[in-house]
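Below is one structure, written out as structure tokens, with a few remarks after it.
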Amino acid sequence: MVSVDQTARADSMGTSSKTTRILGGVLLAGIALWLFLAFVVTEPDIRIDGTSGQEIGQFDAFRLIYVHVPVVFVAYTAFVVTAIGSIMVLVKRSVWWDLVAGASAEIGALASALTLITGSIWGRPIWGTYWLWGDVRILTTLVLFMLSLGYLAVRRLEGTAEERARRSAIVGILLVVNILIVNRSVEWWASQTIHQDSTIAEAAIGGSKAFTLFYSIVLAMGLFTWMMIHRFRLAWLERQFDRFGLDDALTSRRAEAASVLEGEMS
Amino acid sequence: MAVVALSDVVVLLGRFPALAGATLSVEAGQSVLLQGANGAGKSTLLRLCAGLLRPENGTATVLGSDLFKDRRAVRQKVGYVGHLSMLYDDLSVAENLRFWANAAGVSEKQERAAAERMAIDGRLFDVPVKALSAGQRRRTALAVAAARRPSLWLLDEPHAGLDQAGRDIVDELITDAAAAGGAVLVASHELDRVAPVVDRFVTIAGGLAIEQSQTQQAGGHVDLV
Amino acid sequence: MAVVALSDVVVLLGRFPALAGATLSVEAGQSVLLQGANGAGKSTLLRLCAGLLRPENGTATVLGSDLFKDRRAVRQKVGYVGHLSMLYDDLSVAENLRFWANAAGVSEKQERAAAERMAIDGRLFDVPVKALSAGQRRRTALAVAAARRPSLWLLDEPHAGLDQAGRDIVDELITDAAAAGGAVLVASHELDRVAPVVDRFVTIAGGLAIEQSQTQQAGGHVDLV
Amino acid sequence: MSILSEVRLIMGKDLRIERRSKIALNQVAPFAILIVVLFGFALNADRAALTTFTPGLYWVTVLLASILAVHRSVAIEAGEGAREGLLLSGLRPASIFLGKATALISQIFLVSIVLLGAVVIFYDARVDDAVLLVTSLVSAVVGVGAAGTLYGALLGAQRARETVLPILLLPVLAPVLIAATRAFGDAMGTVATDGWAWTALLASFAAIYVAMGVVSHGVLMEEN
Amino acid sequence: MSILSEVRLIMGKDLRIERRSKIALNQVAPFAILIVVLFGFALNADRAALTTFTPGLYWVTVLLASILAVHRSVAIEAGEGAREGLLLSGLRPASIFLGKATALISQIFLVSIVLLGAVVIFYDARVDDAVLLVTSLVSAVVGVGAAGTLYGALLGAQRARETVLPILLLPVLAPVLIAATRAFGDAMGTVATDGWAWTALLASFAAIYVAMGVVSHGVLMEEN
Ligand code: HEM
Ligand SMILES: Nc1ncnc2c1ncn2[C@@H]1O[C@H](COP(=O)(O)OP(=O)(O)OP(=O)(O)O)[C@@H](O)[C@H]1O
Ligand SMILES: Nc1ncnc2c1ncn2[C@@H]1O[C@H](COP(=O)(O)OP(=O)(O)OP(=O)(O)O)[C@@H](O)[C@H]1O
Ligand SMILES: [Mg+2]
Ligand SMILES: [Mg+2]
């Protein structure tokens, strides 16, 4: 239904702009610097045990912190944006915010998945297991990830754009409510945690490590912004594309009436 | 004021423009036949007027309410009978009538009258709806709508499945409703049947609504092929 | 030999005798209209002949097979089109046609011919069946049955939902089938429509089949109320 | 019509359909009991383990059975387009939510009582604090029923409902599982914890979901 | 048409519908993972218990997920009366059974592989004997798929199917649960038992149900 020249039009639009290209360039350089900081500048986590004199610590596994912690921040930010977007859909009846909420939730789901994956990989050498039951942060992250999958499943249900927007908005708002409840319950359930505190304390984070961690969080937020813009624009273009398609579809749909209209004239 | 006032209305089903800029105005006391080829958009138009679909473009007012803003107000006032019966399969005919009458705030007397009007066989009152034949089901659905005495009737192929007696009743229903100052939209392929009982003919084609001229109305039959 | 030979057949739906001793015989080359009030037992009779219901009593032979013993043999040979379309909602029209043609061992050519015969719009081939309008769905169902070139047609209100062009096609289908030596049973309430194309009239009432006399046939309209 | 009589109308209809089809009683309850028995096989009939984990296994089973009940509650409206009938009826969305939720809650409650009998028999569960047990049970069931009705309505007549519903509902109900397991643990004397604190959490969950249901049902029905 | 091409036709149709709707992949698999997680909560995060009971919990979950998959497989035919279409088509009942069973088995297999990954991560399951594990898995899945198809066909378009199917199927699958749990216990090193003997049992179960299905599908379809 979409004619060739319209396809071309949509192609030439793309999802980037001058600003995002610059941002992209900066981020690319940022990633190079990040790799340099994470693998060259910073030391692995090696300490000497006071009594036995053996080397202990997390060794190179520690470097995972420069991925793990930043993606957590991205996940949290993304879901906050989803919640805001969902509320705005209902308040302003705007599809724009629906696309924001959707784009952000996708990134949030990805980031929480990455948190789980990097955390599990990290857990294997440090705790001797991929998974720790009874740890608040780990479990809330998991449930958060699952809730976001549910939200994305709802976004994919059938219906008109408006219908889907309202439905998803309700689930999006419930997402936040759910996160709060989950947080409460898991906190009570598993108040003990062997998760991050000990790590930071033992690894004596400071100096170049602290800087690199801080830097990677900033970089991750930059990446989040960049991805948000692109994902949103893609969704927006898809909508526009539907609009172009709609014009054609309307024309060919109306053409079906031609014979009847002729009969009416004569 | 027009009971139905649609202007350049577009309705999307998925991405398909089932209505592609339809314009139609129906006054109180009028009955209108919607005719047209399969897939032309008749059912879509009726569902739009019932407040069950959202218009995408254009302007649309039904019974004084804007379909973009307040579909709920519209829904309560129309008598829509579509392809699905909207009955509970596990409940008996009597129970279904009772429930829907209650839900619409209709008195028991009015409900009885509607069942009688549709000539629903007394034996059927205790039969669960799932066991009904196609025509019996349709009668019950019509009775549910009739009990509410709607000011706008939206009938999607109301004769389909009904026997001779049932058909006559539907014809009466249409004439009476229009006579009482209500408006009626009937989508149907049985032109010979519906032609004598309606005031106007509208052909739906390619998602557009096309008014038929007097001469064609007189013929009572418009060939679409 | 008669294509359909029912004698005193009783069919129970739950505990209700939807057929209460029906007797009917149809020869090859004949087309028969089944008429009668809602709930009379027309659909039940057709489903019985399609081998989809089990007779309780009496004797029943269809296409040479005893319905008490070998319903499977019957099922493969009939072209039954009932209220449900028997199509897969998630597959497109083309995929449905292909699947059912394959299942019945029908060649692709025959399948194409059937779709063409039912004048299924080319645009529809890629539309999933769940998105079709009532009439489009019915057309597709008829095409599936037509592709099999059955020797016994069992049509339950085949005109319902079809537009003018579709109705003409169904009429043709009935005439052609009978002319080619097949047998056709059509249940319908549109007597004026079906009367001209069938050879015999049978009224179903109270689960019994009552042959109509010639004179009544000529009238083409039997009032049942 | 007053809200209350609207709620009674919807609830009465759902319960009457249940009385007629006896699905909760004859099918959901046996399903739940079967799962309890399967756990017996799955845990290798390890008596001690069964007793320790009774609260958890009980509540996983209640959740699974509840999903079946929610399906049924939605299916009642989905069949012949009755959902659209409700839209056209002019009933208040809030009443529809409350009516369906009440009917669902009473069915889940019934099933969970039957199941309680089953774990007492099969897992040899003992009840130390009956008041706590019943209070937490009721709070949990109200929460499950309210959340189930809300998400069920959201999916409505979607054909994908059968499979989307569990993945939407189960994470949402994870807190109920945790809290109810703990509260039961206390009431059955298998865990040393403050069961009443957990019951408070269950009650708040229930309150939040009933409120959310009342509010959002309007939005859902208004604009679908 | 040969039996083989009939089987391919039916299987191809079911798999095409699955590719279109992606239900097994996007919905049944997440559902299964969710249950695995819920067990974590339910067993109070008792690490040792989780590891010991991994095989049992895994198989209870596979069975529950399979029930969803069977529903879907039956629902495909139930919707617009396609089941009657198949009756009228002249396809051999045995081919219909084999076609639907193959499609179902391949979906359950996919889900159970995904789930295996989940228990390795969440329950820290380790695999000592991969050959035994895979052989028993395949045998069990074939049995579950065959039995599911058979009972699914039995219930057909019954509206009560959603709730009857589990209570019909779960008792039938109890032997699979026991045998597969044992075989996995051996393969994962949590129980000292002869996993191959249990696998033989699973294989016989599968063989019996495939045979029963081929034979009785004819009777079921002939005489419904
Ligand atoms: C699947 C396993 C894991 C998950 C789901 C997970 C999740 C999280 C989350 C949600 C946070 C943010 C905490 C907050 O600020 O609220 C976090 C932070 C952190 N995680 Fe993990 N984690 C996992 C495994 C690990 C492992 C194995 C280590 C290292 C031994 C680790 C080290 C850290 C550190 C150092 C932080 C930053 C601490 C802070 O500033 O709060 N994590 N993780
Ligand atoms: N997702 C979709 N993709 C393509 N076409 C669609 C889709 N959904 C609906 N349609 C088309 O929209 C139209 C709907 O028409 P509608 O049901 O209003 O027709 P109708 O005039 O009532 O026809 P009938 O006489 O057959 O009942 C059909 O042509 C159908 O093919
Ligand atoms: N369980 C039951 N209890 C009572 N009556 C039943 C039951 N099942 C079916 N019936 C009755 O059996 C009859 C079935 O008739 P059938 O569907 O064959 O009618 P029909 O002639 O096709 O009618 P229509 O013109 O309305 O399609 C109906 O009268 C129906 O009420
Ligand atoms: Mg229509
Ligand atoms: Mg009938």
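Chain letters run A, B, ... following the sequence lines, proteins first, then strands; residues in each count from 1. Owing to the predicted nature of the structure, the values given are computational and were not obtained by experimental measurement.
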Show the nearest heavy-atom pair for residues D/Lys13 and B/Leu91, with the distance to one decimal.
CG-CD1, 4.0 Å
Distance-minimising heavy-atom pair for D/Leu88 and B/Arg148:
O-NH2, 2.6 Å
When rounded to the nearest 0.5 angstrom, what distance separates [atom1] in [X] from [atom2] in [Y]?
| X | Y | atom1 | atom2 | answer |
| --- | --- | --- | --- | --- |
| B/Glu95 | D/Ile17 | CD | CD1 | 8.5 Å |
| D/Leu87 | B/Met86 | CG | CE | 9.5 Å |
| D/Arg83 | B/Leu52 | CZ | CG | 11.0 Å |

Could you check which of B/Pro128, B/Ser85, B/Ala104, B/Gly105 has the highest count of heavy-atom pairs closer than 4.5 Å to chain D?
B/Ser85
With chain D, which of B/Gly82, B/Ala145, B/Ala103 has the greatest number of heavy-atom pairs at distances under 4.5 Å?
B/Ala103
Counting only heavy atoms closer than 4.5 Å, note whether D/Arg8 contacts chain B via side chain, backbone, both or neither.
neither
Does [atom1] in [X] sit with more than 12 non-hydrogen atoms of other residues, nucleotides or ligands closer than 6.0 Å?
| X | atom1 | result |
| --- | --- | --- |
| B/Glu116 | CD | no |
| B/Arg112 | CZ | no |
| D/Arg16 | CZ | no |

Determine whether D/Arg92 and B/Arg72 satisfy the following criterion, side-chain contact (heavy atoms from CB on, under 4.5 Å), listing intermediate values before the conclusion.
CA-CA 10 Å; D/Arg92 294 181 189 81; B/Arg72 193 165 168 227; 4.2 Å; yes
Sequence neighbours excluded, every pair satisfying salt bridge (Lys or Arg N to Asp or Glu O under 4.0 Å) that has a member inside residues 39-50 of chain B
B/Arg47-D/Glu84
Quick test of your reading of the model: are D/Glu80 and B/Lys130 salt-bridged, counting only N-O distances below 4.0 Å?
no
How would you list all residue pairs meeting ring-ring contact (aromatic ring centres under 6.0 Å, His included) that involve residues 94-123 of chain B, not counting sequence neighbours?
B/Tyr88-B/Phe99, B/Tyr88-B/Trp100
Heavy-atom cut-off 4.5 Å, strictly under: side chain, backbone, both or neither for B/Arg98 against chain D?
neither
Heavy-atom distance under 4.5 Å to chain D: side chain of B/Val129, backbone, both or neither?
neither
